Amino acid sequence: MAESVSETRQWDRLMELARIGAIPGDGVNRQALTALDRQARRLMIAWAEEAGATVSVDDAANLWFRVEGRIPGATPLLTGSHMDSQPAGGRFDGIYGVMAGLEILCALKDSGLTLDRPLEVVAWTNEEGSRFAPGCMGSMAWAGTKPLAAFAETRDAEGIRFADALAEQLAAEADLPRRPLGGQAHAYIEAHIEQGPKLETEALDIGVVTGIQGSRWLTVTITGASAHAGTTPVSLRRDAMQATMRAIAALNTLTADPTDVLRFTVGSLTVEPGSSNSVAGMVRFTIDLRHPDAVVLAAIGDAVAATVAEAALPCVATIEERFSAAPLDFDADLVTAVREAAETLGQSWSLMPSGAFHDAQLVAGAVPSAMIFVPSRAGISHNPAEFTSAAQLAAGTRVLAAALASQSRVTN
Ligand code: GLV
Ligand code: MN
Ligand code: MN
């Protein structure tokens, strides 16, 4: 199977997909549940059908490609990732893992091999969380971490409800058979670009991912009072922007980590009324907090509310937690299987944790899971300059094929 993986077919298809939503600097803006997302999915569906897969979609608009195995009724092997991008994203984040799965379907067809188990490739809906927060909605709903209905009222920057965008997507794909949301799999292995510098720095081919650090997403709303910028004495203001700057400074102190393990990011900020000559009446900003230790993540995350409330005075601060994923260790046997697959194929490898979250972090709650990383040039990701070579991507796909094949045998 691994031998039939085609480096050029996989690369050419990735480049064709990258034209859908292309932005300057080789980037992609193809966010979840948009017309561009649907266009990319149609292309992927056509290739999957050509490879002999049956296509279906579930209520969360997760897109599924399946080929049957030799043993009737065997639980399937599962691989995949996401097809949505960041607003200024690259050509490989997410889409590579779906393409790697599709390439394996093609390799199966070309080689004439049949696995014991069915093989399913899935494109999870809205992993990035940049249009609709939080991320990983499709995998969360599939794994049962959160019901799909919990996301219904979430709105994008234009005020569009998630439930309406999802309904539009499902209507556009009404020709596809609908499958139930949720299910079983024997194992889930997700291939992804590393998005960090380790593999390139150490001149390694493959990251054998041992687990994923924990994440918390908080939204802070600071409310003051809008006022005239020319006439209102500073002493009488409740300026939400000044309060926000004090709050972020206090959070920088709270999250300062001399070991540089903790990650604290304010990546989005909204100001109302958003006018040069009005004092800000309201500022809303996001916090992305990550740490591999659940105790540290809980302690720092829980201290955010009091830290912000005190710093924001006399403005009032409220906090909403929008996403939380606990630090996770992947299934030990599956991690070993990935390592052995890399070794068998003569690839250099290293065990490593993931700093980014991935659908596998949620799927792991329902199915034994693992991940494979391929190098990212200069460690750059969530940026149009994201790059991994055709050969590096193909190497990852071959390791994925071998690791999946190693899990295919059905024993009674
Ligand atoms: C995934 O995109 C993440 O933010 O880790
Ligand atoms: Mn990703
Ligand atoms: Mn991403």
Side-chain angles (χ1 to χ4, degrees), residues 14 17-18 21 23 27-32 37 40 62-63 79-101 121-140 145 188-199 207 209 211-219 261-268 286-292 297 322-328 330 352-364 369-376 379-388 393 396 400:
L14 279 168
L17 279 162
I23 58 173
V28 172
N29 177 4
R30 199 181 51 236
Q31 295 184 65
D37 184 20
N62 296 317
L63 180 63
T79 187
S81 192
H82 60 97
M83 292 178 63
D84 63 316
S85 81
Q86 288 282 315
R91 295 173 288 176
F92 306 98
D93 178 0
I95 190 76
Y96 164 58
V98 183
M99 183 57 72
V121 180
V122 57
W124 303 108
T125 295
N126 187 32
E127 189 272 353
E128 294 289 4
S130 36
R131 180 178 176 203
F132 295 104
C136 296
M137 282 186 184
S139 48
M140 268 196 269
T145 317
Y188 175 68
I189 309 179
E190 178 172 347
H192 205 282
I193 56 166
E194 179 197 342
Q195 310 183 274
K198 178 180 164 73
L199 293 174
V209 187
I212 303 186
Q213 68 176 339
S215 312
R216 292 178 75 172
W217 278 14
L218 309 171
T219 301
V261 173
L262 190 127
R263 307 269 188 262
F264 164 69
T265 306
V266 175
S268 164
T286 57
I287 295 176
D288 178 312
L289 195 64
R290 311 209 189 187
H291 200 278
L297 188 65
R322 306 194 80 182
F323 177 59
S324 165
L328 171 93
F330 282 130
M352 61 182 294
S354 173
F357 61 70
H358 297 285
D359 292 301
Q361 194 165 8
L362 289 306
V363 176
S369 297
M371 288 190 76
I372 296 168
F373 280 170
V374 291
S376 292
I380 294 169
S381 186
H382 284 191
N383 182 310
E386 189 178 88
F387 184 78
T388 304
L393 294 167
L400 176 64

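All ligand and atom numbering here is 1-based and tracks the order in the structure. As the structure is a computational prediction, the values presented were derived from the model and not from experiment.
- Qualifying side-chain contact (heavy atoms from CB on, under 4.5 Å) partners for Pro353, counting only residues two or more places apart in sequence or in other chains: Thr210.
- The shortest distance between side-chain heavy atoms of Trp124 and Leu362 does not fall below 4.5 Å.
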* Step by step, work out the side-chain hydrogen bond (donor to acceptor under 3.5 Å, both in side chains) result for His82 and Asn126. => CA-CA 7 Å; His82 60 97; Asn126 187 32; over 6 Å; no
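- Atom NE2 of residue His358 and atom SG of residue Cys136 lie 9.0 Å apart, to the nearest 0.5 angstrom.
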Dump the pairs for me: ligand 1 N or O, protein N or O, distance under 3.5 Å, to 0.1 Å.
| unit_1 | atom_1 | unit_2 | atom_2 | d |
| --- | --- | --- | --- | --- |
| ligand 1 | 2 (O) | Glu128 | OE1 | 2.9 |
| ligand 1 | 2 (O) | His382 | NE2 | 3.2 |
| ligand 1 | 4 (O) | Arg290 | NH2 | 2.8 |
| ligand 1 | 5 (O) | Arg290 | NH1 | 2.7 |
| ligand 1 | 5 (O) | Arg290 | NH2 | 3.4 |
| ligand 1 | 5 (O) | Phe357 | N | 2.8 |

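- Contacts of Pro134 classified as side-chain contact (heavy atoms from CB on, under 4.5 Å), with partners at least two apart in sequence or in another chain: Met137, Met140, Phe151, Trp217, Phe323.
- Two residues are said to be in side-chain contact when any heavy atoms from C-beta on lie closer than 4.5 Å; Gln86 and Glu386 fail this criterion.
- The OG atom of Ser81 sits 5.5 Å away from the OH atom of Tyr188 when rounded to the nearest 0.5 Å.
- Remark: the Glu194 side chain and the Ser376 side chain contain no N/O donor-acceptor pair separated by less than 3.5 Å.
- To the nearest 0.5 Å, atom CG of residue Leu393 and atom CE of residue Met99 are 10.5 Å apart.
- Around the Mn ion (ligand 2), protein N, O or S atoms at a distance under 2.8 Å total 3; waters are neither shown nor counted.
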